[in-house]
Number of protein chains: 2
Amino acid sequence: MATRTRGPERRGEPLSRERIVEAAIELLDTAGEGGLTFRALAQRLATGPGAIYWHVAGKDELLSAATDAVVDGAMTTGTADTTPPEAIRALALGVFDAIDDHPWIGTQLARAPGQSPMLRIFERLGRQVQALGVPDDAQFTAASALLHYILGVGEQNATNARAVPDTNRADFLNAAAATWANLDPDEYAFTRNVADRLRDHDDRTEFVAGIDLILSGIAALQ
Amino acid sequence: MATRTRGPERRGEPLSRERIVEAAIELLDTAGEGGLTFRALAQRLATGPGAIYWHVAGKDELLSAATDAVVDGAMTTGTADTTPPEAIRALALGVFDAIDDHPWIGTQLARAPGQSPMLRIFERLGRQVQALGVPDDAQFTAASALLHYILGVGEQNATNARAVPDTNRADFLNAAAATWANLDPDEYAFTRNVADRLRDHDDRTEFVAGIDLILSGIAALQ
DNA sequence: ACCTGAACACCGTTCAAGT
DNA sequence: ACCTGAACACCGTTCAAGT
């Protein structure tokens, strides 16, 4: 829900929780996790660091509010006029892409245990699992497995995005493939074997392949 | 491999990378992720903060060295005279328990993309996937899915351990179950439904159930 | 070669003082 | 009620000086 005007040009408006969170997201997207600082944020909002504390309890709350806002935006797409597997794939890709756009939420999602963003994803997954006809006593396990896989890939993806800019992705994969191919044949026989596959690897399709793998395991539950 | 003597009583010995990493692990286990400080570490080693930098490049290197050491210890158990599924479960539980004992490695594992600890786990999983008879072109996906699931649960577990001491685990689950059961019936129909399951929930068995789910999906690949 | 510890450039957070 | 910005108590890291 980004409004038209953003950043310093809003200098005149009064401070508000909404504006603070918005500016925090910008800072996180632009300067990375390390870039979110109360001083930097205050400067962007043309105020002092102390002012922020009147609207927000502290850095943790600010981070989870920012995560909430982003995940919310990522989940409001698509009504469920599709089959359950398709809906699950769409849901999973929504989270995947959101993390791709905002790597910092990968780290953040993991830190919020039963908190709202994760719970919302869990609920959506669970409904589709139910629609899939999974027996009652296996639904929790199925939804959890999907969620954990999604979060696991998300975290990994966030780390990669942090380490390697998108534009260098191909070079990076080639370099990694070369490294893997040169590993000790005794200790890393398997990894050497699959090194080639890394070269034309696409994170997104590989991610979906994993989802499908779990879906096929879920199908076997019936 | 922890030696008999630990901590301050070693004050006489010269500083070494090994001793520093050992002390760092102690500090992380005792005081949590926030407890690892160059000043605290220096005090424990009866020296100044600057001395540590002669043996270790910085905090990041220190954290990954500590993670390496712990994961190494967790993986040297059990030779593979079992069936592949059993070996995979044992491997997964080894990582799970290591994270349970040292919650900070959960966070740390995610931060080391193609780094050694993750790669070692990947290799082990891959070998078993291969032994399972998975076709060549699906082995990467299968091993990756297992790894991501394991890391996803691990992260989650680390967060829980951070938030809730082990002794309060049962109380915490009951409270969570109560919260879930009181969620809005429209927005959280599924979550409400499975709330009961949380009460006698066991993280470890639930974790293995997820592994089995993925294994059954892998079995369908053949 | 290795260690010391003061110093530098940061943090998050607080709080008296202002409007 | 809301904002200001100096001040506090920390960080990781550096570096001249010592042995």
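Please read all numbers here as calculations on a predicted model, not as lab measurements. Proteins come first, then strands; the chains are lettered A, B, ... in the order of their sequence lines, and each starts at number 1. What you see below is based on every heavy atom in this structure, not just the backbone, and it leaves out hydrogens, waters and symmetry mates.
- Between B/S64 and B/Q108, the side chains place no donor N or O within less than 3.5 Å of an acceptor N or O (distance only, hydrogens not considered).
- Rounded to whole Å, atom P of D/dC2 lies 16 Å from atom CG of A/L45.
- As a whole-Å value, the separation of B/L36 CG from D/dC10 P is 17 Å.
- With respect to A/R120 and A/D72, a salt bridge is recorded, a charged nitrogen being found less than 4.0 Å from a carboxylate O.
- Atoms CG (A/L41) and P (C/dC11) sit 12 Å apart, rounded to a whole Å.
- Between B/D184 and B/R192, no side-chain nitrogen of the basic residue sits less than 4.0 Å from a carboxylate oxygen of the acidic one, so the salt-bridge criterion is not met.
- Checking C/dG12, D/dG12, D/dC3 against the side-chain heavy atoms of A/Y53 singles out C/dG12 as nearest.
- Nucleotide D/dC3 holds its P atom 5 Å from the CG atom of A/L15, rounded to whole Å.
- Atom P of nucleotide D/dA16 and atom CH2 of B/W54 are separated by 18 Å, given to the nearest angstrom.
- Within the structure, the salt bridge (Lys or Arg N to Asp or Glu O under 4.0 Å) test picks out the following pairs touching residues 51-63 of chain B (sequence neighbours left out): B/R17-B/E61.
- Closest to the A/H55 side chain, of the nucleotides D/dA6, D/dC3, C/dC11, is D/dC3.
- Atom P of nucleotide D/dC3 and atom CZ of A/R17 are separated by 14 Å, given to the nearest angstrom.
- A straight line from CD1 of B/I52 to C1' of D/dC15 spans 16 Å, rounded to a whole angstrom.
- Aromatic ring centres of B/F190 and B/W180: separated by at least 6.0 Å.
- Candidate nucleotides D/dA6, C/dG12, D/dC3 were compared by shortest atom distance to the side chain of A/A51, and D/dC3 ranks first.
- Considering only residues two or more places apart in sequence or on other chains, B/E33 meets the salt bridge (Lys or Arg N to Asp or Glu O under 4.0 Å) condition with B/R162.
- Side-chain proximity of A/K59 to D/dT14, D/dC11, C/dT13: nearest is C/dT13.
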DNA chain D base-pair string [pairs: Watson-Crick or G-U under 3.5 Å; |: paired with another strand]
||.|||||...|||||.||

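- Side-chain atoms of B/S144 and A/E206 include no donor-acceptor pair closer than 3.5 Å.
- One interatomic measurement links the two molecules: CD of B/Q43 to C1' of D/dC11, which rounds to 15 Å at whole-angstrom precision.
- Comparing C/dC11, C/dC3, D/dT13 by their nearest atom to the side chain of B/R39 picks out D/dT13.
- Heavy-atom distances to DNA chain C give each of B/P49 and A/A57 a nearest nucleotide, and the one nearer the 5′ end belongs to B/P49.
- Among D/dC3, C/dT14, D/dG12, the nucleotide with an atom closest to any side-chain atom of B/T37 is D/dG12.
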